[in-house]
Amino acid sequence: MIHTVTVNPALDLTYRVSEVRYDDTVRAREVLRAAGGKGVNVSRVATRLGHATVTMGFAGGRAGDEILDLLRAEGVKTWFARHDAPTRTNAIIQDDHGHQLRVSGPGPEVRPDEVDALVDSVFELRAPDFLVLSGSLLPGVPSDLYARIAERAAGEGVATVVDADRELVSALEAGVALIKPNAYELGRLVGRDIAGVDDARAAAEEAHGMGARTVVCSLGPDGALWLSEEGAWHAVPPEITVDSPLGSGDSLLAGLLVAMAEQRPPDEALRLGVACGTATATTPGTDLCHREDVEALLSGVRVERLD
């Protein structure tokens with residue numbers, strides 16, 4: 001079982017247009033609506049892979065209601081805390097050349113009592129194999145929220161996974177089972193740029209020393225790196241035609257955790273994660289990978305153990 005927490009989810013609207021023209025009316029031929037947010041995406045992909053998951057977080061207003069409806073329509077189990085303000089809406093405009101304009105809406109401010117209610121709701125269900133804390137925080141949410149949840153989870157024997165940026169340092173101090181930064185986030189964590197697999201491995205070793213038992217760094221078209229006490233592996237995806245990369249990192253994390261929950265070894269977990277991330281990059285807008293596409297790509301993912 002995988003539980004995910006998305007403090008700042010969004011209703012994602014993707015407008016498909018032939019081209020973007022400024023100071024003119026641009027008519028969309030298609031509008032895609034999806035429940036968004038990093039943890040939400042992890043649960044959506046885990047559900048498509050046939051793995052039990054519950055997605056949690058805040059939901060408010062009509063946008064929050066639509067997010068819950070969209071998730072339930074996909075068969076994703078939800079356990080959201082309500083807040084008074086409406087959940088944000090994001091707009092993605094994508095043209096026929098693959099260019100995207102992404103406008104991320106501001107999240108609403110929440111009260112301290114609403115934050116406390118969210119934290120309590122996370123621990124109302126039976127303990128999962130993994131508790132995923134991901135994405136940005138809302139105004140009014142303390143910056144150490146992930147550390148607070150991670151400490152409580154550790155006391156209950158729950159493995160915590162963090163996929164965040166600014167909130168990563170405090171969570172690491174609390175001790176986490178796994179982090180999944182991209183190259184930019186990992187670079188900010190260690191204070192230098194990441195250029196290539198060797199740099200990513202060195203930085204991952206530093207992050208491991210900071211308190212993450214496993215570090216998985218997503219490297220875009222260069223695949224992903226895994227580092228833990230068991231060793232280090234690098235996975236490279238097959239060549240594909242990219243439609244929209246949105247959600248690829250979240251899909252990678254979902255595949256990893258599904259394999260880990262099924263007690264598969266690191267190389268198999270990394271292979272499934274990279275296949276999921278790659279499959280998502282072939283889908284339009286904020287759509288995510290589908291199981292049949294993941295299975296078709298699995299054999300094309302090359303996994304190498306690093307010395």
Side-chain angles (χ1 to χ4, degrees), residues 2 38-39 42 129-136 143-144 146-147 149-151 153-154 157-237 248-278 301-307:
I2 298 168
K38 296 175 75 64
V42 171
D129 297 299
F130 295 103
L131 175 63
V132 181
L133 311 174
S134 58
S136 60
S143 59
D144 65 346
Y146 288 164
I149 295 175
E151 288 175 356
V158 175
T160 304
V161 176
V162 179
D163 184 7
D165 193 354
R166 297 180 182 88
E167 303 80 12
L168 193 52
V169 173
S170 64
L172 279 173
E173 293 172 351
V176 297
L178 185 147
I179 61 173
K180 199 238 33 97
N182 60 32
Y184 300 106
E185 292 162 343
L186 183 58
R188 283 191 285 271
L189 179 65
V190 300
R192 62 179 183 274
D193 292 339
I194 304 297
V197 176
D198 291 341
D199 283 354
R201 178 177 180 176
E205 289 174 346
E206 288 187 42
H208 179 66
M210 294 177 186
R213 294 198 295 276
T214 299
V215 180
V216 177
C217 179
S218 55
L219 300 168
D222 292 328
L225 172 86
W226 167 300
L227 185 135
S228 65
E229 291 183 354
E230 296 106 315
W233 286 263
H234 177 223
V236 180
S248 291
D250 306 328
S251 302
L252 186 157
L253 180 57
L256 281 171
L257 296 181
V258 166
M260 293 173 70
E262 295 173 354
Q263 299 185 335
R264 300 192 212 175
D267 60 327
E268 291 186 17
L270 191 59
R271 184 187 304 276
L272 180 58
V274 169
C276 289
T278 305
V301 178
R302 296 185 290 109
V303 182
E304 174 189 12
R305 180 158 190 163
L306 304 178
D307 294 333

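- Of all the heavy atoms in Ala147 and Ala174, the pair that sits closest is O-CB, 3.7 Å.
- Atoms CG and CD, on Leu133 and Glu167 in that order, are 10.5 Å from each other to the nearest 0.5 Å.
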Determine, step by step, whether Ile149 and Leu131 satisfy the side-chain contact (heavy atoms from CB on, under 4.5 Å) criterion, reporting the C-alpha distance in whole Å, the side-chain angles of both residues, the deciding distance to 0.1 Å, and the verdict. CA-CA 9 Å; Ile149 295 175; Leu131 175 63; 3.8 Å; yes

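- Residue pairs meeting the side chain to side chain donor-acceptor pair (under 3.5 Å) criterion with at least one partner in residues 175-190, sequence neighbours excluded, are Asp165-Arg188, Lys180-Ser218.
- Summarising the geometry of His234 relative to Ala224, their closest heavy-atom pair is CD2-O, 3.2 Å, with the distance given to 0.1 Å.
- Listed here is the closest heavy atom pair of Leu219 and Ala183: CD2-CB, 4.1 Å.
- When all heavy atoms are compared, the tightest approach of Ala171 to Val176 is O-CG1, 3.5 Å.
- The CG atom of Leu186 sits 4.5 Å away from the CD1 atom of Ile194 when rounded to the nearest 0.5 Å.
- No more than 12 heavy-atom neighbours from other residues, nucleotides or ligands sit within 6.0 angstrom of CZ on Arg302.
- Residue Trp233 is tested with Leu225, Leu227, Val303, Val216 for a side-chain contact (heavy atoms from CB on, under 4.5 Å); the sole match is Val303.
- When every heavy atom of Val132 is checked against every heavy atom of Leu253, the shortest pair comes out as CG1-CD2, 4.1 Å.
- Every residue was checked against the side chain to side chain donor-acceptor pair (under 3.5 Å) condition with Ser143, not counting sequence neighbours, and none meets it.
- In this structure a side-chain-to-backbone donor-acceptor pair under 3.5 Å is missing from Ser251 to Gly277.
- Sorted by first then second residue, the side chain to side chain donor-acceptor pair (under 3.5 Å) pairs that include residues 259-270, not counting sequence neighbours, are Glu262-Arg264.
- Between Arg213 and Ala159, the closest heavy-atom pair is NH2-CB, 4.4 Å.
- With rounding to the nearest 0.5 Å, the separation of CZ in Arg271 from SG in Cys276 is 13.0 Å.
- Side chain of Tyr146 to backbone of Val169: no donor-acceptor contact under 3.5 angstrom is found.
- The closest side-chain heavy-atom distance from Leu270 to Leu256 is below 4.5 Å.
- With contacts defined as side-chain heavy-atom distances shorter than 4.5 Å, the pair Val162/Thr160 qualifies.
- Taking CG from Leu172 and CD1 from Ile179, the interatomic distance works out to 5.0 Å, rounded to the nearest 0.5 Å.
- Here the CH2-CG distance, from Trp226 to Leu178, works out to 6.5 Å after rounding to the nearest 0.5 Å.
- Separation of atoms CD1 (Ile2) and CG (Leu257) is listed at 5.0 Å; rounding is to 0.5 Å.
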